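Protein chains get the first letters and strands the later ones, always in sequence-line order, with residue 1 at the start of each. Bear in mind the structure is a predicted one, so any value in this text is a computation, not a measurement.
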Amino acid sequence: NAGVMQNPRHLVRRRGQEARLRCSPMKGHSHVYWYRQLPEEGLKFMVYLQKENIIDESGMPKERFSAEFPKEGPSILRIQQVVRGDSAAYFCASSPIGTGPKNIQYFGAGTRLSVL
Amino acid sequence: KQEVTQIPAALSVPEGENLVLNCSFTDSAIYNLQWFRQDPGKGLTSLLLIQSSQREQTSGRLNASLDKSSGRSTLYIAASQPGDSATYLCAVLEAAGNKLTFGGGTRVLVKP
């Protein structure tokens, strides 16, 4: 059973370009979470999605960032018109249960975004 | 708003010493608390998960305690080894049950 798969592992973009980060949850998991780790900081929650629904986006920046989890295919975190401050490690986690005490999240290896 | 703090931010010990890492959280309404290990440039490895009804969990040389009422958890690593050098993160699953709040981490260096 493969773990949470994120790609690419490393992504380099120039200012103003778009970044697309992909996350395939573990088999049987229908709940996906995105977290961001800025340099020298802890991980911070961004968004929680179920298939075709955004459940909690309280941690998402108001502009340029969007996330989706379509019925088929991986979850995508999209950053438009990237700026240097977007340089960070972006981690995806998945869980078989969305909320409650049995919500154990399994993390991917992360995508490291560098904005030149 | 839940806040998680880890002290110290960095720790350096000689090989063989026991490690004590502290984590505190401001809102005791949590479902569980988890300790992770993160190596430089790598992802997160889950070490121990303690449900809110539990007081401690053990795995090999690792032992984690939880005092929910005082908002504290401690991770003990016995007989440290150079391979234990990493950043250790604690995270709580809030009562809403859908997101983890992380501490800033403790960077550990075990010197041979």
Side-chain angles (χ1 to χ4, degrees), chain A residues 2-7 9-10 21 23 26 29-50 53-60 67 87-114, chain B residues 1-10 21-54 57 59 66 68 86-107:
Chain A
V4 178
M5 304 300 292
Q6 290 189 248
N7 67 81
R9 292 292 307 277
H10 300 274
L21 289 62
C23 169
M26 287 179 69
H29 290 192
S30 58
H31 303 268
V32 165
Y33 312 80
W34 286 92
Y35 294 82
R36 177 167 68 172
Q37 186 175 35
L38 292 166
E40 306 302 322
E41 293 189 19
L43 279 80
K44 290 198 178 354
F45 169 81
M46 298 181 76
V47 62
Y48 158 42
L49 310 103
Q50 293 179 26
N53 284 302
I54 297 174
I55 307 302
D56 181 351
E57 55 182 349
S58 58
M60 286 280 270
S87 296
Y90 292 82
F91 290 94
C92 169
S94 74
S95 171
I97 297 173
T99 61
K102 295 189 186 298
N103 178 356
I104 298 174
Q105 298 179 19
Y106 299 83
F107 281 79
T111 293
R112 277 149 187 85
L113 172 66
S114 297
Chain B
K1 180 187 170 188
Q2 178 76 267
E3 292 183 4
V4 180
T5 304
Q6 291 186 246
I7 294 173
L21 308 179
N22 297 301
C23 172
S24 61
F25 47 95
T26 55
D27 187 345
S28 62
I30 64 169
Y31 277 132
N32 60 51
L33 182 145
Q34 200 163 357
W35 284 93
F36 293 89
R37 169 183 172 140
Q38 184 177 30
D39 292 285
K42 305 288 186 184
L44 303 176
T45 301
S46 179
L47 297 174
L48 290 167
L49 182 146
I50 314 176
Q51 296 290 354
S52 62
S53 58
Q54 297 176 312
Q57 278 285 343
S59 176
L66 174 64
K68 203 174 82 158
T87 296
Y88 292 82
L89 300 166
C90 76
V92 299
L93 182 65
E94 302 180 1
N98 64 15
K99 61 187 171 191
L100 293 169
T101 300
F102 284 83
T106 294
R107 189 178 305 169

task: Select one option (side chain, backbone, both, neither) describing which atoms of A:Q6 are under 4.5 Å from chain B's heavy atoms.
output: neither
task: State which residues pass side chain to side chain contact (heavy atoms under 4.5 Å, CB included) with B:Q57; sequence neighbours excluded, sorted by chain then number.
output: B:L48, B:I50, B:Q54
message: Less than 4.5 Å apart, side chain to side chain, heavy atoms only: is that true for B:N98 and A:H31?
response: no
Residue A:M5 excluded, over 12 heavy atoms near CE under 6.0 Å: no
query: chain B heavy atoms under 4.5 Å from A:S58: which part of the residue, side chain, backbone, both or neither?
result: side chain
field: Separation of A:M46 CE from B:K99 NZ (nearest 0.5 Å)
entry: 12.5 Å
message: Does A:R112 have more than 12 heavy atoms from other residues, nucleotides or ligands lying within 6.0 Å of its CZ?
response: yes
field: Donor on one side chain, acceptor on other, A:Q37 and B:Q38, under 3.5 Å
entry: yes
statement: The ring-ring contact (aromatic ring centres under 6.0 Å, His included) partners of B:F36 (sequence neighbours excluded) come to A:F107, B:F102
- prompt: When B:L100 is tested against each of A:Y33, A:Y35, A:F45 for side-chain contact (heavy atoms from CB on, under 4.5 Å), which residue passes?
  reply: A:Y35
- request: Go through the atoms of A:Y106 and report whether side chain, backbone, both or neither lie under 4.5 Å from a heavy atom of chain B.
  value: neither
